[in-house]
Amino acid sequence: MSDSTNSGQSERKLSRRKFFVLGGAGIAAAGLGTGALVVSGDRKSSNGALADERVPFFGESQSGIVTPAQDRLHFAAFDLVTTKRSDVVELLRRWTEAAEQLTRGAAVGRYGAVDGLAAAPPDDTGEALDLPPSRLTITFGFGRSLFVDREGNDRFGIGGRLPKGLIDLPHFPGDRLDPARSNGDLCIQACADDPQVAVHAVRNLARIAFGSATVRWSQLGFGRTSSTSTTQVTPRNLFGFKDGTANLKAENAATINEHVWVQPADDQSWLANGTYLVARRISMRIETWDRTSLGEQEAIFGRQKSSGAPLSGGDEFAGVDFAMMGRNDEPIVARNAHVRLAHPTSNNGHAMLRRGYNFTDGTDGLGRLDAGLFFLAFVRDPVNQYVPLQNRLAREDALSEYLQHTGSALFVIPPGVSSADAFIGDSLFA
């Protein structure tokens, strides 16, 4: 998008952030790498962040990965209904332009929600008018089926660029997957501190996709279940335990490079500075868990429910002493405890950047809550970082008795968009 076009748009539409400018609010830059924040105003979101913070869209890698995790999520997977490569490229171009507008707090399109012709549908749906950016990030991904169909046929002339890590995830022990909640050609992860801002983003991007792609499935999430920055406190999952204590943090660039970002020599050259996203919808057996004793709950996790500290002692962030023995020569942290089986020392040193959310989707028809964890994790190599771990957890983790995996997908996350002349995935379609 040219500077002159941006100027014209700003004159013709009402910006959601206009009143902050009129109020004389200053703008300051703060943040970390691709998750840098532009701050305006002083309204607070529920996690203490400024609701008026803006996360820049352009960068070497996409935002919404190492960006400090926001409060809310709207995730959507899409199926392409076109057979034309040119339609896919045009969709990605239009999505890129719209995402840049949305993340800076502007309305979508040339005329936005209210400044167009009265006889024509508005460019923007309008439910986010007057709302601040709320740290909105929009992250795009590509599924295996974008490259090849089930028979291995090249769909859009990019089959030869299929990344080796973009596999069909195996059926893990205990999986009860709903095909209608799994996979997809494309995905959008919209995170924000205001749920209406996140929903508005996906709604407008889905609208733009009309004629080229349709929503296959979607998931709303509330209450992040991990911290991606040392500035954030550890949140709790729906079982009441602190979740993601040992998660990778954005401030440690060395570990992020080792475990998250695809390196130029890893795989396809177009994917450098990208990553992979594992998405799993995990239903929690809430009612059964709520009848389980506190002692058993803590033994299953291997951590204290109150502080999150390991049962071997110390505070929340203390290293776990897996060798410490208790009664009957059994380890204090049980052999089937979640913290032991999920720990990097049990997984050849591999780690993941988790970014999941709690969800509730009503009831299951039998009076039980349809609730759980929408698991999201970014990894450099899903074949070695995720698949062996999930196989082990499904077979051995005591927590698995209370979980049911009902949805599954793997997406490759292309690198970020470098400038207004580029678009998401341009290195793939070059």
Side-chain angles (χ1 to χ4, degrees), residues 46-47 64-65 67-78 136-141 143 169 172 174-184 186-195 197-199 201-203 206 215-228 232 234-244 247 275-286 289 338 342 352-364 368-379 382 386 389-390 393-394 397 399-400 402-411 413:
S46 61
N47 73 354
I65 302 172
T67 306
Q70 302 95 317
D71 285 343
R72 306 288 181 147
L73 165 82
H74 191 185
F75 191 98
F78 293 77
L136 173 67
T137 56
I138 300 173
T139 312
F140 298 98
L169 287 176
F172 297 104
D175 277 1
R176 192 173 181 179
L177 303 180
D178 179 356
R181 292 184 181 271
S182 302
N183 303 318
L186 306 168
C187 77
I188 297 172
Q189 173 195 273
C191 299
D193 288 326
D194 186 324
V197 171
V199 170
V202 171
R203 177 183 177 185
V215 176
R216 178 180 176 87
W217 56 270
S218 66
Q219 182 67 57
L220 292 173
F222 69 92
R224 58 184 175 85
T225 58
S226 61
S227 301
T228 57
Q232 297 180 307
T234 308
R236 293 182 185 270
N237 56 38
L238 294 184
F239 284 159
F241 278 75
K242 291 195 172 188
D243 208 333
N247 196 34
T275 184
Y276 292 87
L277 171 60
V278 178
R280 302 276 288 183
R281 186 180 187 274
I282 307 174
S283 295
M284 291 177 165
R285 292 168 176 163
I286 300 290
W289 179 263
H338 181 74
M352 302 180 292
L353 178 66
R354 291 183 50 193
R355 199 183 168 87
Y357 286 83
N358 296 313
F359 73 83
T360 56
D361 291 335
T363 62
D364 63 0
R368 298 174 301 196
L369 283 175
D370 182 6
L373 167 67
F374 189 60
F375 174 91
L376 296 169
F378 293 92
V379 295
Y386 178 73
L389 167 64
Q390 182 53 36
L393 293 177
D397 189 359
L399 189 60
S400 293
Y402 301 89
L403 306 176
Q404 184 80 72
H405 290 243
T406 58
S408 179
L410 176 64
F411 299 96
I413 306 300

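Atom CG of residue Leu389 and atom CE of residue Met352 lie 5.0 Å apart, to the nearest 0.5 angstrom. With rounding to the nearest 0.5 Å, the separation of CZ in Arg281 from CG in Leu376 is 12.5 Å. Separating the CZ atom in Phe359 from the CG atom in Leu238 is a distance of 8.0 Å, to the nearest 0.5 Å. With rounding to the nearest 0.5 angstrom, the CZ atom of Phe75 is 9.5 Å from the CD1 atom of Ile188. Here Tyr276 contributes atom OH and Phe411 contributes atom CZ; the two are 14.0 Å apart, rounded to the nearest 0.5 Å. Between atom NE2 of residue His74 and atom CD of residue Gln219 there is a gap of 8.5 Å, rounded to the nearest 0.5 Å.
Aromatic ring orientation, Phe239 versus Trp289: parallel (interplanar angle below 30°, classes split at 30° and 60°). Below 30°, between 30° and 60°, or above 60°: for Phe374 and Trp217 the angle between ring planes is above 60°, a perpendicular geometry.
With hydrogens and angles ignored, the 3.5 Å screen pairs a side-chain donor or acceptor of Thr275 with a backbone N or O of Val379. Listed for the Asn247 side chain is a donor-acceptor partner under 3.5 Å among the backbone atoms of Ser227. Checked by atom type and distance alone, the side chain of Asp193 pairs as donor or acceptor with a backbone atom of Asp71 at under 3.5 Å. Side-chain atoms of Gln404 come within 3.5 Å of backbone atoms of Gly174 as a donor-acceptor pair (strictly under, hydrogens ignored). The backbone N or O of Asn237 lies less than 3.5 Å from no partner atom in the side chain of Thr225, so there is not a single donor-acceptor pair. Put simply, the side chain of Thr360 never gets that close to the backbone of Ala371: no donor and acceptor are under 3.5 Å apart. With hydrogens and angles ignored, the 3.5 Å screen pairs a side-chain donor or acceptor of Arg355 with a backbone N or O of Gly64.
Considering only residues two or more places apart in sequence or on other chains, Arg216 meets the salt bridge (charged side-chain N to carboxylate O under 4.0 Å, His left out) condition with Asp79. Checked against side chain to side chain donor-acceptor pair (under 3.5 Å), Asp175 has the following partners two or more places apart in sequence or in another chain: Arg280. The salt bridge (charged side-chain N to carboxylate O under 4.0 Å, His left out) search around Arg368 returns Asp364, not counting sequence neighbours. Scanning for salt bridge (charged side-chain N to carboxylate O under 4.0 Å, His left out) contacts around Arg354 gives Asp243, with sequence neighbours left out. Not a single side chain to side chain donor-acceptor pair (under 3.5 Å) links Ser400 to another residue, sequence neighbours left out.
Residues Phe172 and His405 have side chains not in contact (no heavy-atom distance under 4.5 Å, counting atoms from C-beta outward). Side-chain contact between Asp370 and Thr363: absent, with no pair of heavy atoms (C-beta onward) separated by less than 4.5 Å. Considering only heavy atoms from C-beta on, Phe375 stays 4.5 Å or farther from Leu403 through its side chain.
Only one option out of Val197, Leu73, Ile65 pairs with Cys191 in a side chain to side chain contact (heavy atoms under 4.5 Å, CB included); it is Leu73.
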CA sep, side-chain torsions, deciding dist, call: His338, Leu393, side-chain contact (heavy atoms from CB on, under 4.5 Å): CA-CA 8 Å; His338 181 74; Leu393 293 177; 4.2 Å; yes
side-chain contact (heavy atoms from CB on, under 4.5 Å) between Leu169 and Tyr386, worked out: CA-CA 10 Å; Leu169 287 176; Tyr386 178 73; 4.3 Å; yes
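Shortest non-hydrogen contact noted between Arg72 and Phe222 is NH1-CB, 3.6 Å. Among all heavy-atom pairs drawn from Val202 and Ala190, the shortest one is CG2-CB, 3.8 Å. Between Ile286 and Leu369, the shortest heavy-atom contact is CG2-CD1, 4.4 Å.
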For residues 177-184, dump all side-chain donor-acceptor pairs below 3.5 Å to protein atoms at least two apart in sequence or in another chain.
{"unit_1": "Asp178", "atom_1": "OD1", "unit_2": "Ala180", "atom_2": "N", "d": "2.9"}
{"unit_1": "Ser182", "atom_1": "OG", "unit_2": "Asp178", "atom_2": "O", "d": "3.0"}
{"unit_1": "Ser182", "atom_1": "OG", "unit_2": "Ser408", "atom_2": "N", "d": "3.2"}

